[in-house]
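Working notes, structure below.
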Amino acid sequence: MALKYEIIKKHNKSRLGKLHTKHGIINTPAFMPVGTCGTVKAMLPESVASTGAEILLGNTYHLMLRPGAELVAKMGGLHKFMNWPKPILTDSGGFQVMSLKGLRKLTEEGVTFKSHVDGKQFFLTPEESIGIQHKLDSNITMCLDECTPFPATFDEAKKSMQRSMRWAERSKNAFQNRDGYGIFGIQQGSIFKDLRQESADALKKIGFDGYAIGGLAVGEGQEKMFEVLDYAPEMLPEDKPRYLMGVGKPDDIVGAVSRGVDMFDCVMPTRSGRTAQAFTDYGPINIRNARHREDPRPVEAECDCPLCRNYTRAYIHHLQKCNEILAVMLLSWHNIRYYERLMQKIRKSLEEETFDEFVKDFYAKQQMGDIEEI
RNA sequence: GGAGGGGUGGCAGAGCGGUCAAAUGCAACGGACUGUAAAUCCGUCGACUUUAGUCUACGAUGGUUCGAAUCCAUCCCCCUCCA
């Protein structure tokens, strides 16, 4: 098989595993920071690596626009181009089918994007998306799909899902097998169990190295998302990694691991870092808030990131107020480290068979909220 | 000494008889952010009560007017240019 996945331990629905790629091993459950344009915003790749991240995301649509897949290939592939020697997963452009719906036209053949940069037209087919991801030298290629918006009626979700399944087959056919590289299918079906099953069956018939759950965390709320995750992961092959796309908040991730998900990616730690939010074991804080103005404590006492080791809340608050780049850098760093530490704790508890206690403790702390007294 | 311009909410700055508790930006305060069109976006921002409303407000005082941030008079202060 092109990508080897070993499951080391299981606990109820949760799994501890290792995914082997040409550029290294990914310990699962894993969180993948998002580096859409060939950079995790405001972070040095070396800094991202120091957080414990073992794999990054890149994006087909954005890299196709700038600098173009050919150039990246000429520069030796995305790993070399961006100085990230570890594994890379690339999204197919399927999310942009939803997020850029005003700038694109969907047909059975593919999707025409009007570049958000200069208006230039790009026609992205499943074959083209796979080809671009190949040129980028992505370790994990994603099928081109349509991230079904929410809410969708049953019929809308069905049509959208079925097209994504036809595109999944075309994507798989266009994919060139190589050792240490793989392709993931993406389940759709919105919040409808029948459609999720139909989608899972279609993907399994095609056969993939891993299976993603797409079309969640698009506005349905955590309760509905968890309802879907109560059944969706188990519809997918047990011996392959399961990847919940675009999720999520820390408690989303813990809940999803409990329900059998192995991989996550989310913009949240970096975007929040740019918008003054810092994640802590006791829930998120907004460092811009006046209550941090004279707080001599670190953002999080237990955290070992540079922000928490070397700077006070008062200082980060000051930097943020002054709109200083350093605030964005340090907060992004902290948040990614927070997510990676969370995943490390999840894996450790699965390893030591204390996952249930970890989950209980996690939610108890999150509910306590940030301690306000100084 | 001569000529001119101006004083508006924390700051900058519109408004030049009613529709002005006063545009807009910044600051302040709070919220949102989930496969990144995002160092972004949204809300609040005189006081008290808030559905509606009441009061105090555009340098100061007095006046004209049904009605004044807007017009007039006097006073105080600031700025530019020329001597």
Side-chain angles (χ1 to χ4, degrees), chain A residues 31-43 55-63 65-66 88-104 113-119 129 133 138 140-150 164 184-188 210 212-222 224-225 243-253 255-256 261 263-279 284-293 317 319-332 335 339:
Chain A
F31 178 77
M32 311 184 272
V34 178
T36 304
C37 296
T39 168
V40 177
K41 292 186 195 301
M43 293 287 288
I55 173 170
L56 289 190
L57 249 74
N59 185 286
T60 299
Y61 167 80
H62 295 269
L63 293 169
L65 262 50
R66 294 183 299 198
I88 290 173
L89 178 152
T90 43
D91 188 27
S92 58
F95 184 72
Q96 281 64 45
V97 174
M98 179 185 78
S99 67
L100 300 179
K101 67 171 179 289
L103 295 173
R104 59 85 172 139
F113 285 105
K114 204 172 160 186
S115 161
H116 70 277
V117 179
D118 60 8
S129 175
Q133 295 180 71
S138 172
I140 301 177
T141 291
M142 299 304 299
C143 288
L144 184 63
D145 68 334
E146 182 198 0
C147 181
T148 307
F150 182 88
S164 286
F184 281 23
I186 306 172
Q187 182 200 46
Q188 292 291 343
I213 299 167
L216 288 180
V218 288
E220 77 281 4
Q222 194 190 61
K224 279 204 170 65
M225 179 173 82
Y243 161 32
L244 178 55
M245 302 187 80
V247 173
K249 294 178 181 174
D251 56 328
D252 293 333
I253 290 176
V261 177
M263 297 167 68
F264 302 88
D265 80 280
C266 194
V267 131
M268 186 124 286
T270 42
R271 180 178 289 172
S272 285
R274 277 176 275 123
T275 60
Q277 188 174 53
F279 292 93
I285 63 171
N286 189 334
I287 201 68
R288 200 173 52 208
N289 289 169
R291 69 188 175 94
H292 300 115
R293 202 170 72 85
H317 172 85
L319 291 179
Q320 159 61 221
K321 286 290 191 185
C322 295
N323 224 343
E324 285 291 338
I325 298 169
L326 187 56
V328 164
M329 292 167 61
L330 288 170
L331 285 168
S332 299
N335 285 339
Y339 270 67

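Because the structure is a prediction, the values reported are computed rather than measured. Sequence lines set the chain letters: A, B, ... in the order given, protein chains first and strands last, and positions in each chain run from 1. When reading the values below, keep in mind they use all heavy atoms of this one structure, side chains included, and skip hydrogens, waters and symmetry mates.
Remark: P of B:U36 and CG of A:Leu89 are 10 Å apart, rounded to the nearest angstrom. Following rounding to the nearest Å, A:Phe150 (CZ) and B:U34 (C1') show an atom-to-atom distance of 15 Å. Rounded to whole Å, the distance from CZ on A:Phe279 to P on B:C33 is 9 Å. Atom-to-atom, CD of A:Gln277 to C1' of B:A38 comes out at 14 Å; the value is rounded to the nearest Å. Counting to the nearest Å, the P atom of B:G35 and the CE atom of A:Met245 are 10 Å from each other. In this structure, the CD1 atom of A:Ile140 is 13 Å from the C1' atom of B:G35, given to the nearest Å. In this structure, CG of A:Asp91 is placed 10 Å from P of B:G35, rounded to the nearest angstrom. Atom pair A:Phe264:CZ and B:U36:P shows a separation of 16 Å (rounding to whole Å applied).
Within the nucleic acid shown, A:Gly215 comes within 4.0 Å of at least one base atom, counting heavy atoms only. In this structure, A:Ile186 reaches the bases: a heavy-atom distance under 4.0 Å links it to at least one base atom across the strands shown. Contacts of A:Gln320 with the nucleic acid, taken as non-hydrogen atoms under 4.0 Å apart, are absent. Using a 4.0 Å heavy-atom criterion, one finds that A:Leu103 contacts the bases of the nucleic acid, with or without backbone contacts as well. Across all strands, A:Gln96 comes closer than 4.0 Å only to sugar-phosphate atoms, never to a base (heavy-atom distances).
Dashed line: the shortest gap from a side-chain N or O of A:Ser99 to OP1 or OP2 of B:A37 is under 4.0 Å. For A:Arg271, no side-chain nitrogen or oxygen approaches OP1 or OP2 of B:U40 to under 4.0 Å. When the side-chain nitrogen and oxygen atoms of A:Lys249 are compared with OP1 and OP2 of B:C33, one or more of them lie within a distance under 4.0 Å.
In this structure A:Lys224 satisfies the side chain to side chain contact (heavy atoms under 4.5 Å, CB included) test together with A:Phe150, A:Ile191, A:Glu220, sequence neighbours excluded. Legend: residues meeting side-chain hydrogen bond (donor to acceptor under 3.5 Å, both in side chains) with A:Asp91, ordered by chain and number and at least two apart, are absent. Judged as a ring pair (Phe, Tyr, Trp, His ring centres under 6.0 Å), and not counting sequence neighbours, the contacts of A:Tyr339 are A:Phe31, A:Phe279. With sequence neighbours left out, A:Thr148 forms a side-chain hydrogen bond (donor to acceptor under 3.5 Å, both in side chains) with A:Ser160. Here A:Gln188 pairs with A:Asp145 under the side-chain hydrogen bond (donor to acceptor under 3.5 Å, both in side chains) rule; sequence neighbours left out. Applying the ring pair (Phe, Tyr, Trp, His ring centres under 6.0 Å) criterion to A:Phe113, with sequence neighbours excluded, gives A:Tyr61. Under the side chain to side chain contact (heavy atoms under 4.5 Å, CB included) criterion, A:Lys249 pairs with A:Asp251, A:Asp252, A:Met268, sequence neighbours left out.
The P atoms of B:C41 and B:U34 are separated by 15 Å, rounded to the nearest whole Å. On the P atoms, B:U65 is 37 Å away from B:C79, given to the nearest whole Å. Atom C1' of B:G6 sits at a distance of 13 Å from the matching atom of B:G13, rounded to the whole Å. If you take atom C1' in B:G67 and the same atom in B:G4, they sit 33 Å apart, rounded to whole Å. To the nearest whole angstrom, the two C1' atoms, one in B:C20 and one in B:G9, are 12 Å apart. Using P as the reference atom, B:U54 and B:A38 are 48 Å apart when rounded to the nearest Å. Between the C1' atoms of B:G46 and B:U56, the separation comes to 8 Å (whole Å). Taking atom C1' on both nucleotides, B:G17 is separated from B:C72 by 13 Å, rounded to a whole Å.
Checking B:U70 for Watson-Crick or G-U wobble geometry (two distances, each under 3.5 Å) identifies no partner in any strand. As the counterpart of B:U80, B:A3 is assigned, both hydrogen-bonding distances of the Watson-Crick or G-U wobble pattern falling under 3.5 Å. Look at B:G35: it lacks any Watson-Crick or wobble partner with both distances under 3.5 angstrom. Pair check for B:A28 finds B:U44; Watson-Crick or G-U wobble, both atom distances under 3.5 Å.
Mapping A:Ile325 and A:Val34 onto RNA chain B by nearest heavy atom places A:Val34 closer to the 5' end of the strand. Nearer the 5' end of RNA chain B, as judged by each residue's closest nucleotide, is the contact made by A:Met142, out of A:Met142 and A:Val328.
Listed nucleotides: B:U36, B:C33, B:A37. Nearest to the side chain of A:Leu100: B:A37. Of the candidate nucleotides B:U36, B:A39, B:U34, B:U34 has the atom lying nearest to any side-chain atom of A:Asp252. Closest contact between the side chain of A:Asp265 and the listed nucleotides B:A37, B:G35, B:U36 involves B:G35.
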N/O-N/O pairs, protein side and nucleotides 29-31 of chain B side, under 3.5 Å:
residue, atom, partner, partner atom, Å
B:C29, OP2, A:Lys321, NZ, 2.2
B:G30, OP1, A:Ala290, N, 3.3
B:G30, OP2, A:Ala290, N, 3.2
B:G31, OP2, A:Asn289, OD1, 3.1
B:G31, OP2, A:Asn289, ND2, 3.0
B:G31, N7, A:Arg288, NH2, 3.1
B:G31, O6, A:Arg288, NH2, 2.9

Side chain to side chain contact (heavy atoms under 4.5 Å, CB included) between A:Val34 and A:Val40, intermediate numbers included: CA-CA 6 Å; A:Val34 178; A:Val40 177; over 6 Å; no
Worked verdict on A:Ile140 versus A:Met142 for side chain to side chain contact (heavy atoms under 4.5 Å, CB included): CA-CA 6 Å; A:Ile140 301 177; A:Met142 299 304 299; 4.2 Å; yes
In sequence, state the C-alpha distance, the side-chain angles, and the governing distance for A:Met32 and A:Leu89, and then conclude on side chain to side chain contact (heavy atoms under 4.5 Å, CB included). CA-CA 9 Å; A:Met32 311 184 272; A:Leu89 178 152; 3.9 Å; yes
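Side-chain contact of A:Asn335 with A:Ser332: a donor-acceptor pair under 3.5 Å is absent, judged by distance alone. Residues A:Ser138 and A:Gln133 have side chains that never bring a donor and an acceptor to within less than 3.5 angstrom of each other.
For RNA chain B, the residues of residues 36-43 of chain A within the heavy-atom distance limit of 4.0 Å (strictly under) are A:Thr36, A:Lys41, sorted by number.
Between the base of B:U36 and the side chain of A:Thr270 there is a donor-acceptor pair shorter than 3.5 Å. A donor-acceptor contact under 3.5 Å is formed by the side chain of A:Asp145 with the base of B:G35.
Between A:Gly215 and A:Cys147, the shortest heavy-atom contact is CA-SG, 3.9 Å.
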